[in-house]
Enquirer: 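One structure is given below, represented as structure tokens, and several questions about it will come after.
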Amino acid sequence: MKAVFVVCAALAAVSCSTGSGDQQATTQEKHFDVTGWGKLKPGMSKQDALATGELGATAAGKTGDCEDYRYQGAPVPDPKQLAEDAEIEQKYEAAKKAADDADAAVGPAPGANAGAAAYAAHAEKLAAAAEAGAKSVELSAESTKRIAARAEAREANGGVLFAGDKIRMIVPPPGATTAKNIGKGATVEQLKAAYPNAVDKDSKGFEVPVPDQQGVVLSFHFTDGKLTTFLLFNGEAECG
């Protein structure tokens, strides 16, 4: 689903202090690659991934059965925002059901010999279905906006998106590089040199298959010839 990849590029501010240098060295003890990030590995169950200690104890947002988690030490999501997001999702699910029920209740149009009352009742059902549909569309737009905001936060901070019990994507934290020293800002030529098996998807995206993990790829996305996003993506783990 392409929308999944629609994220805003976020650059971490880098300090020139000695402390920042120490932190950078610590960050580079781990690399992000087809093998995963730290103890997080492609193909892990949600339970096993949460048990690694790499992720925060509290989810960073949920839509359907897809749920975000950030890394330990990453900025903690605003509890008020999470509560608002959850409320919107509940309202959206209820609105979708109401719209479906209203559509089903409309039934066939009255026949040519039907009376005025039958036509009036049918028109009333149509109006109710239209109103319910409009409410569902309104909440869908609000839900989509919040999903996009969480995608931006995921890109800025890194983290894992679960689809049910499966990992859908693992996004590296700021400053991370691959084992072959590819990070944000790399060129297409540098990527191809490091990963000669990378498959060109659309001139703006390349994929490296993850060994022994069907449907999982190390995905690289470019803007104006520069790497802006890279992540591990499982196309077979879909949000429901």
Enquirer: Can a donor-acceptor pair be found, under 3.5 Å and without considering hydrogens, that links the side chain of K180 to the backbone of A194?
Expert: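 Checking the backbone N and O of A194 against the side chain of K180, a donor-acceptor pair under 3.5 Å is found.
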Enquirer: Taking all heavy atoms of A156 and all of P174, pick out the closest pair and write down the distance.
Expert: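 Result for this residue pair: O-CG, 3.0 Å.
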Enquirer: If we ignore angles and hydrogens, is there a donor and acceptor under 3.5 Å between the side chains of Q214 and E236?
Expert: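 Indeed, the side chains of Q214 and E236 share at least one donor-acceptor pair under 3.5 Å.
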Enquirer: Within the distance-only criterion (no hydrogens, no angle test), does the side chain of D65 pair as donor or acceptor with the backbone N or O of A163 below 3.5 angstrom?
Expert: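 Judged by distance alone, no pair lies under 3.5 Å.
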Enquirer: Any donor and acceptor pair, going by atom type alone, linking the side chain of R168 with main-chain N or O of A237 inside 3.5 Å?
Expert: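 Side chain of R168 to backbone of A237, a donor-acceptor pair under 3.5 Å: yes, one is there.
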Enquirer: Using 30° and 60° as the class limits, which term best fits the ring planes of F220 and Y195: parallel, tilted or perpendicular?
Expert: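 The arrangement is tilted - the two ring planes meet at 30° to 60°.
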Enquirer: For Y92, which residues count as a ring pair (Phe, Tyr, Trp, His ring centres under 6.0 Å) partner, sequence neighbours excluded?
Expert: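 Expected list: none.
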Enquirer: State whether the side chain of R70 and the backbone N or O of A60 hold a donor-acceptor pair below 3.5 Å, judged by distance alone.
Expert: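 Not at all, since once roles are kept as given, no pair shorter than 3.5 Å links the two residues.
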Enquirer: Could you give all pairs that pass the salt bridge (Lys or Arg N to Asp or Glu O under 4.0 Å) test and reach residues 208-235, with sequence neighbours left out?
Expert: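 Applying salt bridge (Lys or Arg N to Asp or Glu O under 4.0 Å) to every pair that reaches into residues 208-235, excluding sequence neighbours, yields nothing.
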Enquirer: Show me the side-chain donor-acceptor pairs of residues 98-108 shorter than 3.5 Å, one per line, residues at least two apart or across chains.
Expert:
{"unit_1": "D101", "atom_1": "OD2", "unit_2": "K97", "atom_2": "NZ", "d": "2.9"}

Enquirer: Within the 4.5 Å heavy-atom criterion, are V199 and V208 side-chain neighbours or not?
Expert: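 No - every pair of side-chain heavy atoms lies 4.5 Å or more apart.
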Enquirer: Any heavy-atom pair between the side chains of E152 and E155 that's under 4.5 Å?
Expert: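 Counting from C-beta outward, E155 and E152 never come under 4.5 Å.
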Enquirer: So M169 and N234, side-chain contact (heavy atoms from CB on, under 4.5 Å) or not? Walk me through it.
Expert: CA-CA 6 Å; M169 62 176 69; N234 182 358; over 6 Å; no
Enquirer: Is any side-chain heavy atom of V210 less than 4.5 Å from a side-chain heavy atom of L232?
Expert: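 Yes, close enough: below the 4.5 Å cut-off.
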Enquirer: So how far is it from T223 OG1 to K184 NZ, rounded to the nearest 0.5 Å?
Expert: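 If we round to the nearest 0.5 Å, T223:OG1 and K184:NZ are 10.5 Å apart.
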Enquirer: Evaluate side-chain contact (heavy atoms from CB on, under 4.5 Å) for L50 paired with F162, printing each intermediate quantity in order.
Expert: CA-CA 11 Å; L50 293 177; F162 294 99; 4.3 Å; yes
Enquirer: Does E131 CD have over 12 foreign heavy atoms under 6.0 Å away?
Expert: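 No, the 6.0 Å shell around CD holds no more than 12 heavy atoms from other groups.
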Enquirer: Distance alone, cut at 3.5 Å: any donor-acceptor contact between the side chains of H221 and S219?
Expert: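 Yes, side-chain donor-acceptor contact under 3.5 Å.
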Enquirer: Return the minimal non-hydrogen interatomic distance between G56 and Y69, and the atom names on each side.
Expert: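 Closest approach of G56 to Y69, heavy atoms only: O-CD2, 3.4 Å.
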Enquirer: Step by step, would you call E207 with F233 a side-chain contact (heavy atoms from CB on, under 4.5 Å)?
Expert: CA-CA 9 Å; E207 293 180 351; F233 178 69; 5.6 Å; no
Enquirer: How far apart are the closest heavy atoms of A114 and Y119, and which atoms are they?
Expert: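 Reported closest heavy-atom pair: O-CE1, 3.5 Å.
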Enquirer: Which atom names give the shortest non-hydrogen contact between L227 and F222, and what distance separates them?
Expert: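 Scanning both residues, the minimum pair turns out to be N-CD2, 3.3 Å.
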Enquirer: As an exercise, state the distance from CG of L218 to CG of D33, rounded to the nearest 0.5 Å.
Expert: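 The CG atom of L218 sits 6.0 Å away from the CG atom of D33.
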Enquirer: Mind checking what makes salt bridge (charged side-chain N to carboxylate O under 4.0 Å, His left out) contact with K62, not counting sequence neighbours?
Expert: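 K62 satisfies salt bridge (charged side-chain N to carboxylate O under 4.0 Å, His left out) with no other residue.
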Enquirer: Just verifying a value: how many Å separate E87 CD and L82 CG, rounded to the nearest 0.5 Å?
Expert: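 Answer for the CD-CG pair, E87 versus L82, is 13.0 Å.
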Enquirer: Which pair of non-hydrogen atoms, one from L139 and one from K91, has the smallest distance, and what is that distance?
Expert: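 Heavy atoms of L139 and K91 come nearest at CD1-O, 3.5 Å.
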Enquirer: Determine the minimum heavy-atom distance between T63 and S143, stating which atoms define it.
Expert: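 T63 and S143 have their closest heavy atoms at CG2-OG, 4.4 Å.
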Enquirer: Less than 6.0 angstrom separating the ring centers of F230 and F32, yes or no?
Expert: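 Between F230 and F32, the centre distance is under 6.0 Å.
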Enquirer: What is the distance from atom CD of Q213 to atom OG1 of T35, rounded to the nearest 0.5 Å?
Expert: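 Rounded to the nearest 0.5 Å, the CD-OG1 separation comes to 11.5 Å.
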Enquirer: Is there a salt bridge (Lys or Arg N to Asp or Glu O under 4.0 Å) between K166 and E238? Walk through the geometry before answering.
Expert: CA-CA 9 Å; K166 298 180 179 180; E238 298 183 354; over 6 Å; no
Enquirer: If we ignore hydrogens and angles and just use 3.5 Å, is the side chain of D78 paired with the main-chain N or O of K80 as donor and acceptor?
Expert: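 Side chain of D78 to backbone of K80: a pair is present.
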Enquirer: Could you give the distance from CG (D68) to OG1 (T58), rounded to the nearest 0.5 Å?
Expert: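 These two atoms lie 13.0 Å from each other.
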Enquirer: Please confirm whether the backbone N or O of S140 pairs with a side-chain atom of T144, one donor and one acceptor, at under 3.5 Å?
Expert: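 Indeed, once roles are kept as given, a pair shorter than 3.5 Å links the two residues.
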Enquirer: Could you state the interatomic distance from CZ (R154) to CD1 (I147), rounded to the nearest 0.5 Å?
Expert: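 Atom-to-atom, R154:CZ and I147:CD1 are 9.5 Å apart.
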Enquirer: Anything under 3.5 Å between a donor and an acceptor, one on a side chain of residues 186-193, the other on a protein residue two or more places apart or in another chain? List them.
Expert:
{"unit_1": "T187", "atom_1": "OG1", "unit_2": "Q190", "atom_2": "N", "d": "3.1"}
{"unit_1": "T187", "atom_1": "OG1", "unit_2": "Q190", "atom_2": "OE1", "d": "3.4"}
{"unit_1": "Q190", "atom_1": "OE1", "unit_2": "T187", "atom_2": "N", "d": "2.9"}

Enquirer: Which donor-acceptor pairs under 3.5 Å do side chains of residues 40-49 form with protein atoms, sequence neighbours excluded?
Expert:
{"unit_1": "K41", "atom_1": "NZ", "unit_2": "G38", "atom_2": "O", "d": "3.0"}
{"unit_1": "S45", "atom_1": "OG", "unit_2": "D48", "atom_2": "N", "d": "3.1"}
{"unit_1": "S45", "atom_1": "OG", "unit_2": "D48", "atom_2": "OD2", "d": "3.3"}
{"unit_1": "K46", "atom_1": "NZ", "unit_2": "E67", "atom_2": "OE1", "d": "2.5"}

Enquirer: Any link between I167 and Y71 through a network of hydrophobic side chains (Ile, Leu, Val, Met, Phe, Trp, Tyr) touching at under 4.5 Å?
Expert: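 Yes, same cluster.
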Enquirer: Can you confirm whether more than 12 heavy atoms, excluding those of E124, are under 6.0 Å from its CD atom?
Expert: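 Count not over threshold, so no.
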